[in-house]
Structure formats: structure tokens, C-alpha cells
Asker: 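Right, I'll just put the structure down here and ask away after.
Within every chain, numbering begins at 1; the chains are lettered A, B, ... in the order of the sequence lines, protein sequences first and strands thereafter. Please read these numbers as outputs of a predicted model, since none were measured by experiment. Only this structure's heavy atoms are used, side chains among them; waters, hydrogens and symmetry mates stay out.
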Protein chains: 2
Amino acid sequence: MTERMREPSGQTVGAGALLTILRHGQARTRAELVQLTGLARSTVSQRLDALLDQRWIVPAEEAISSGGRPAIAFAFNRNARLVLAADLGATHARLAVTDLASTVLVERAFDLAIDRGPEETLGWLVATFREMLAEIGHSVAEVCGVGLGLPGPVEHASGRPVNPPIMPGWDAFPVPDWLGARLGAPVLVDNDVNIMALGEHWAVRPETDHLIFVKVGTGIGCGIITERHLHRGAQGAAGDIGHIRVTSADDVVCRCGNVGCLEAVAGGAAMAVRLRQAGETAENSRDVVRLVRAGNTQAVQLIRQAGREIGDVLASIVNFFNPGVIVIGGDVAEAGEHILAGVREVIYSRSLPLATQHLGIRASVLGDRAGVVGAAVMVIEHVLAPEAVDLSVAG
Amino acid sequence: MTERMREPSGQTVGAGALLTILRHGQARTRAELVQLTGLARSTVSQRLDALLDQRWIVPAEEAISSGGRPAIAFAFNRNARLVLAADLGATHARLAVTDLASTVLVERAFDLAIDRGPEETLGWLVATFREMLAEIGHSVAEVCGVGLGLPGPVEHASGRPVNPPIMPGWDAFPVPDWLGARLGAPVLVDNDVNIMALGEHWAVRPETDHLIFVKVGTGIGCGIITERHLHRGAQGAAGDIGHIRVTSADDVVCRCGNVGCLEAVAGGAAMAVRLRQAGETAENSRDVVRLVRAGNTQAVQLIRQAGREIGDVLASIVNFFNPGVIVIGGDVAEAGEHILAGVREVIYSRSLPLATQHLGIRASVLGDRAGVVGAAVMVIEHVLAPEAVDLSVAG
DNA sequence: TCACTTATGGCGATGGTCAAGCAAAAGTTC
DNA sequence: GAACTTTTGCTTGACCATCGCCATAAGTGA
């Protein structure tokens with residue numbers, strides 16, 4: 001049973017809170033921390049000793065000496081632990097080992113058939129992670145957590161997929177238990193779009209509390225961040241904008257059975273179909289991007305129109321949700337400015353001035369690495385949460 | 001400087017947390033609280049003494065005695081303080097004095113011209129509140145907070161209106177300072193739609209964490225609650241769904257200058273205009289409701305169609321946000337099932353099954369009292385927040 | 001009425017934090 | 001190299017919230 005000081009505000013200040021200050025700011029001396037927290041010097045020293053014991057922090061370079069003994073600055077130790085992160089798609093996978101600042105240390109991309117089921121897929125995942133750890137000369141013992149993104153709905157609290165349409169055999173599979181037993185670390189699982197949103201939010205942070213990440217790939221989905229947390233909705237189904245109806249496509253039938261879905265006109269698969277109808281060779285969304293980059297007029301017109309359709313849906317969402325930033329990512333977004341131009345065009349003409357005056361609409365800065373970075377961020381925020389750190393230094 | 005026990009989970013357990021347990025549950029004995037919190041018996045007793053001193057709790061009836069000395073149960077004292085709540089509209093106002101459980105003790109409705117400016121309006125408000133307090137034989141000293149809803153955008157943190165379109169003279173007026181100086185209690189201000197959402201959420205709680213309240217009056221707006229908190233968005237402009245574009249109205253010009261806005265086809269003012277064009281007598285949204293209730297075919301058709309248009313917009317929002325409950329309120333919603341039927345019809349046909357299977361779509365249960373109840377809830381949640389209670393018992 | 005059961009209040013013990021002070025360390029300035 | 005400045009580590013005593021324990025109060029059942 002430990003006790004804690006309270007700031008005048010009523011906020012507890014433990015070792016975890018101290019670490020949070022060091023993690024989000026730069027290196028700090030003891031005197032600065034006393035100033036910031038209001039704790040006694042001796043208490044700060046004791047907290048720092050506990051954090052040093054667990055290697056969460058390291059002494060950094062010395063501060064400016066103003067004529068006396070220079071103070072030692074302490075900095076967050078991003079190398080204290082390792083994080084395993086994976087972004088599994090329907091046909092591709094990207095794995096990474098990162099440090100505690102989400103910096104990727106090793107990274108690999110693979111072709112992967114996720115429909116082979118959870119045991120085979122996750123078994124391969126464990127083996128590959130072990131290889132990657134060996135490659136950089138680290139052991140599994142240093143891993144503090146595993147983050148995983150899956151291409152379907154996931155109940156985040158339990159980490160189990162729920163009725164995933166494209167992952168046969170994965171329904172309700174206890175991913176965290178299975179992986180945790182083999183890697184000896186906590187495992188966090190979420191939808192792939194959600195972790196991409198986390199990754200992009202990390203990349204633009206701390207600019208905004210309200211971010212919407214739109215993934216335009218084979219289908220279309222989005223991740224919603226509000227007050228620095230993912231919004232998952234009542235059934236965990238939030239962000240499914242691919243099947244919102246758009247005006248100009250009442251005659252198009254979507255794979256979901258409805259007509260006029262956004263995905264059916266602006267999704268990568270739908271665009272590939274249209275290009276094939278126009279005589280081009282286009283199997284999937286990547287081929288669409290290839291054609292756009294090659295300057296194919298049909299493809300450019302198509303993607304520009306897709307941008308407008310997406311912008312139409314987002315214009316409504318901007319009025320409703322008032323985000324600070326919209327990030328467009330996914331395979332198709334790699335076609336560059338064409339799609340973004342369409343989105344901007346419609347949003348700025350349709351949404352209210354108050355909501356758009358400070359709204360940023362931009363392309364993903366992480367590209368196809370958003371998923372693994374987000375998976376790492378998810379783990380890091382969990383492991384380095386003040387309460388978790390307090391427990392770790394108490395044990 | 002006070003210190004606090006921590007649960008194994010790392011959560012602090014102070015007097016405020018204890019009060020929260022009593023407030024949301026029923027009366028509890030000391031033994032039950034020991035069980036629930038993990039604190040020592042003596043600590044629980046001390047916390048309860050502090051809460052008794054401040055009259056936050058009262059001893060309740062005795063629990064079942066299982067053959068020994070009967071335990072005293074303690075219950076939240078809803079009469080410990082009073083709350084002043086007001087919902088100011090463009091032309092109407094509703095004032096209430098409530099207890100700490102949001103129960104209305106006195107209530108009055110008035111006609112009010114808010115465009116007379118803040119000083120005159122708020123001066124009248126103070127005088128009327130004093131009258132109402134005298135009426136039930138209580139003094140201003142017992143008031144622990146004032147909640148106020150205004151018909152325009154409000155920066156909640158400062159309580160100041162920001163560029164309100166229909167409140168001349170109110171821009172940036174320091175409402176909390178002005179009222180606080182005269183009533184001697186903290187003042188919280190917010191947009192009227194937001195406080196109505198709070199009120200309705202309170203009415204259905206704890207059924208859902210994610211609620212959307214749609215106000216259909218002269219215009220159309222909505223309040224968004226997620227994880228038991230209002231979502232205000234990056235600029236505080238969230239919920240402005242009245243100017244989302246709907247498909248079937250490309251030719252209708254809205255007062256905002258755009259074409260095809262939801263408000264321009266489904267708002268009360270727009271419907272009144274259409275009824276006038278059809279030869280009926282309809283000045284405002286209340287007249288529309290009157291005609292609907294009278295069974296006027298034109299009006300019924302119009303409102304049913306309005307429901308479908310609103311449903312069209314909400315269907316997109318359901319896919320995006322995945323709320324647990326949608327509540328339809330405001331003047332026009334009092335027309336009853338006609339509007340709700342249209343909304344349900346479209347949402348259930350357009351939104352995804354996963355998002356709609358447990359979705360409740362219902363009419364406001366509080367009606368025109370949603371505003372004052374919500375204003376009271378806003379104050380109560382602020383005053384009875386654990387940290388605030390901890391400070392009050394420490395002082 | 002008496003034994004039994006259970007809740008309650010008071011007391012000392014425990015342990016973490018704070019404030020203060022001192023000596024040593026590690027620089028700067030002259 | 002000496003004087004000065006500032007940080008740091010360590011110790012001490014006081015403080016206070018919490019805990020565990022015990023005597024007492026207040027019922028029940030035979």
C-alpha cells in the first residue's frame with residue numbers, strides 16, 4: 001500500500017506522472033521537477049531513483065551551470081524496453097520492432113494469407129518476431145508489449161475478432177492469450193484502421209485532440225480520435241463510412257447489398273472494376289494507383305471524382321464532429337494530390353466556416369507504416385500509463 | 001496537503017469517490033463500503049464523518065440485522081444543496097430550482113426577448129431565481145451552482161458566447177462572472193442543444209455511453225455524448241447537422257447561403273414557409289405541430305418527409321459514430337410518432353446491421369424540460385465530481 | 001434475562017512525505 | 001590555486017493518513 005502526494009489541483013503525482021512529464025517534454029533536472037510538481041526535493045529524488053532502478057529514465061547531458069555545480073538532467077529512456085508491432089492485412093503484413101518512442105528498429109513486409117486461420121498466422125508471427133529480435137541482438141525478455149492490428153472488427157477489451165468478414169476461423173479467437181503465452185508480454189489488439197489512426201495522431205501530435213483518419217484502400221473506413229482516445233462506438237462499429245450513401249451513385253450496387261455506398265464508387269476495388277470496363281488492366285487498388293501515376297486520363301478522372309465523393313461524406317462528418325485534422329491514408333491515397341484535391345474541394349465548399357477555418361486536410365505522413373507505428377503507440381500508451389508505471393516501480 | 005489511499009488498481013479512493021458510489025447506487029452500510037473500496041473500516045468511517053459534516057450524506061434506514069447490531073446505511077443527501085437551472089431560447093425561457101438528484105422543485109416558463117442584451121436578461125434571471133427560491137422557502141446561500149443554456153455557440157471553458165447569430169450584444173459577454181458575483185455560486189454555461197443532450201442522457205442513463213440528441217425546432221442541431229462526456233469538437237462547433245446537405249433538395253436555398261441544407265427542408269421554419277405556400281396559416285414551428293396534431297394532410301406529409309430527410313443524415317452519422325441511442329427532441333418533435341417513423345424508416349434501411357441492431361431511436365422523454373434538467377445535471381456533475389468533493393470536505 | 005452476533009468508536013503503530021540542515025561534490029570566476 | 005556558487009546525497013524530526021486491534025454498543029434468539 002503506497003500513498004501519494006496530491007497537487008493543489010487534486011491530481012496525484014507519482015512516479016508515473018513524473019515519467020509522463022519527462023516523456024512528453026525534454027530532459028529535466030531535479031530542481032525543474034520540484035518546480036513542476038510541487039513535491040519536496042527529497043521526494044522527487046526518491047521517485048527518480050525508483051525510475052532509474054527500472055531503467056525507465058537515464059541521466060542525460062548536464063544542464064547549463066550558472067556558476068555552481070551543474071545539475072544532472074534526466075531523460076526518458078526510450079531503450080528501456082522493446083515493443084513488437086504488427087499490421088496484418090488481408091494479403092499483406094508488416095512487422096516491426098520499436099523502442100519506447102515508437103522509433104522503428106527493424107521492419108519487414110510480407111505477403112500473407114490471413115485466411116489460413118489464426119494458429120498458422122500467429123505461429124508464423126511469433127517465429128518472425130523472434131528472428132527480427134535476434135537480428136538486432138535483443139531477447140524476448142526485453143519486450144514489454146505486443147500490438148496487433150487486424151483487418152476486421154475487434155472487441156478491443158478482450159482482443160477477440162467479432163464476426164470478421166474476411167478472416168475465416170478467427171471469430172472470437174483469443175489472440176491476446178495465445179500470443180501472450182508464447183511471447184511473455186501483454187498483447188493489445190485492435191482494428192487496423194484504428195491503429196493507423198493512432199499512428200497518424202502520434203505523428204501530428206500534439207497539434208490536435210480531434211483527428212479523423214480515412215483509409216482508402218480496397219474498401220473505405222475511418223478511425224476516430226477524440227480527446228486523445230479512440231472512439232469505438234457502442235458496438236465497436238464506429239468509423240464504417242464505406243457504406244454511407246452518396247448522392248451521385250444511386251444505381252451502383254455495393255457488395256454489402258445496398259445501393260449507392262461510398263465504397264462502391266470511391267473504393268479501390270470499385271475503381272479497378274471501372275478501369276477494367278474501360279479496357280485498362282487493373283486487378284486491385286494498387287493497379288489503380290499505378291495507372292494514376294502513369295498519367296492515365298481515365299484513372300486520374302476516376303480518382304479525382306472519388307476524392308469528391310469522399311469529400312461529400314466527410315463534409316457532413318466535419319459539420320457533425322468538428323475534427324481538427326483529417327488525414328487521408330491507405331493504398332489509394334498514395335496516388336498523391338489527386339484524391340486530396342477532390343476532398344478539399346468539396347469539404348471547403350460544403351462545411352461551415354467555423355468548422356473549416358482551422359481544419360487541416362492532409363495526406364498520411366507515415367504511409368504504409370502508419371499501422372505498425374500505431375500498434376506500437378497503442379502498446380506504449382498502455383505500458384507507460386502513469387498507473388502502470390507506478391505499479392512497476394512499486395513491485 | 002492530504003494523502004490518499006490507492007486501490008490495487010491504482011485509483012485513488014477519497015471522500016469524493018465514496019460519495020460517487022452512494023450517489024449512483026443505493027444506500028450502503030460501512031461494511032459494504034469496506035468491501036467495495038478495499039479501505040480499512042476506520043478509514044471509511046472517517047470519510048463518512050467528513051461527508052456527514054458537509055451534509056452530503058444522511059443516515060438512512062437500518063439494514064437487515066443478521067442477528068447482531070444492525071448496521072446504519074448511509075445515503076446520498078439530495079437535499080444538501082440547491083441548483084439553479086435555466087434554458088434560455090430566442091423567444092422563450094424556462095427556469096427551475098432543483099435538488100442534487102436533478103429533481104425539479106419549482107419551475108417556470110416565460111416569454112423572453114433575448115435580444116435585449118445580456119445585462120437586462122441576466123438581471124431579470126437573477127430576480128426571478130430569487131423569487132422562486134423565496135417561494136419554496138430557501139435562501140441563495142444554499143445554492144451550490146448555476147447552470148445556463150444559451151441559444152448559440154458558447155465557449156464552455158470560459159462560459160462566453162462566441163459570435164452568436166441571434167443574440168446581439170452577447171458576444172464574449174462574461175456570463176459566469178456577472179452571474180457569479182450576484183448569486184454567489186459557480187456558473188456553468190453551454191449551448192442549449194448540449195444541455196438538452198445532457199438532460200436526455202441523464203434520463204436514459206446508465207443505458208448507454210454514446211448518445212446523440214437531435215433538436216428539431218426552428219433549426220436543427222444535435223448534441224453528442226460519448227463516454228459520458230459532451231463532445232464539443234475542435235472549435236466547439238460539433239453537432240451542427242442543420243447544414244448538412246441532403247440529396248433531395250438541391251434546389252432549396254438555405255439561410256446560410258448554401259443549397260440543399262437539411263434545415264432548409266426539415267427545419268420548423270422551412271416547413272412553416274411551405275405550409276404558407278400551400279395556403280395554411282403557419283408562422284413558426286409550433287404552428288406546424290398544431291396542424292399536424294389537427295390531422296392536416298399537408299402538414300403530416302411534410303413532417304413525415306422531414307423525418308426521412310433527418311433519417312438520411314442520421315443514417316450516415318450512425319455508420320460513422322455508432323451511437324447506442326438517438327433521441328429526437330425540440331418543438332417539432334412534439335408532433336409525435338410521425339417524425340420518428342420517418343427517421344426509423346431510413347436509418348434501419350441505410351445503416352449497417354451491426355450498428356443498428358441495438359440502436360434505440362426514440363422521442364425525448366423530458367420534452368421541453370430537457371434543457372433545465374440538463375443544465376442542472378451539468379452543475380451537479382461539476383459540483384459533485386470526486387475531486388471537488390474532496391476539496392469541500394478538506395476545507 | 002443471558003449468551004451470541006455484529007457494528008461502531010477509540011487508540012497506538014506504521015509508513016510515506018515534508019521541511020530543514022549539513023557536508024561533500026563539482027563546477028565557475030578571479 | 002583559492003574563494004565562491006550551486007547541486008546533490010543523506011539524515012533527522014515532525015506530521016498525518018491509514019491500518020489493525022480491542023473494548024463497547026446495540027441488536028437477535030433461546
Asker: Tell me every residue that passes ring-ring contact (aromatic ring centres under 6.0 Å, His included) with B:His231, counting only those two or more places apart in sequence or in another chain.
Answerer: A:His210, A:Phe321
Asker: Can you tell me which nucleotide in D:dC19, C:dT17, C:dA19 comes closest to the side chain of B:Thr43?
Answerer: D:dC19
Asker: Less than 4.5 Å apart, side chain to side chain, heavy atoms only: is that true for B:Leu33 and B:Leu48?
Answerer: yes
Asker: On DNA chain D, check which nucleotide each of B:Ala40 and A:Ser42 is closest to and give me the residue with the more 5' one.
Answerer: A:Ser42
Asker: Would you say A:Gln46 reaches C:dT17's phosphate, i.e. side-chain N/O to OP1/OP2 under 4.0 Å?
Answerer: yes
Asker: Mind checking side chain to side chain contact (heavy atoms under 4.5 Å, CB included) for B:Gln46 and listing every partner two or more places apart, or none if nothing turns up?
Answerer: none
Asker: Show me, pair by pair, the donor-acceptor contacts under 3.5 angstrom made by side chains of residues 78-86 of chain A, not counting sequence neighbours?
Answerer:
residue	atom	partner	partner atom	Å
A:Arg78	NH1	A:Thr103	OG1	3.1
A:Arg81	NH1	A:Gln54	O	3.2

Asker: I need the CG-P distance between B:Leu33 and C:dA7, as an integer number of Å.
Answerer: 13 Å
Asker: Listing time: all N or O pairs from protein to nucleotides 6-8 of chain D that are below 3.5 Å?
Answerer:
residue	atom	partner	partner atom	Å
D:dT6	O2	A:Arg69	N	2.9
D:dT7	O4'	A:Arg69	O	3.2
D:dT7	O2	A:Arg69	NH1	3.1
D:dT8	OP1	A:Ile72	N	2.7

Asker: For residues 176-188 of chain A, which side-chain N or O atoms pair as donor and acceptor with protein atoms under 3.5 Å away, sequence neighbours left out?
Answerer:
residue	atom	partner	partner atom	Å
A:Arg182	NH1	A:Trp178	O	2.9

Asker: Under the side-chain hydrogen bond (donor to acceptor under 3.5 Å, both in side chains) rule, what pairs show up with a residue in residues 136-145 of chain A, not counting sequence neighbours?
Answerer: A:His138-A:Glu142
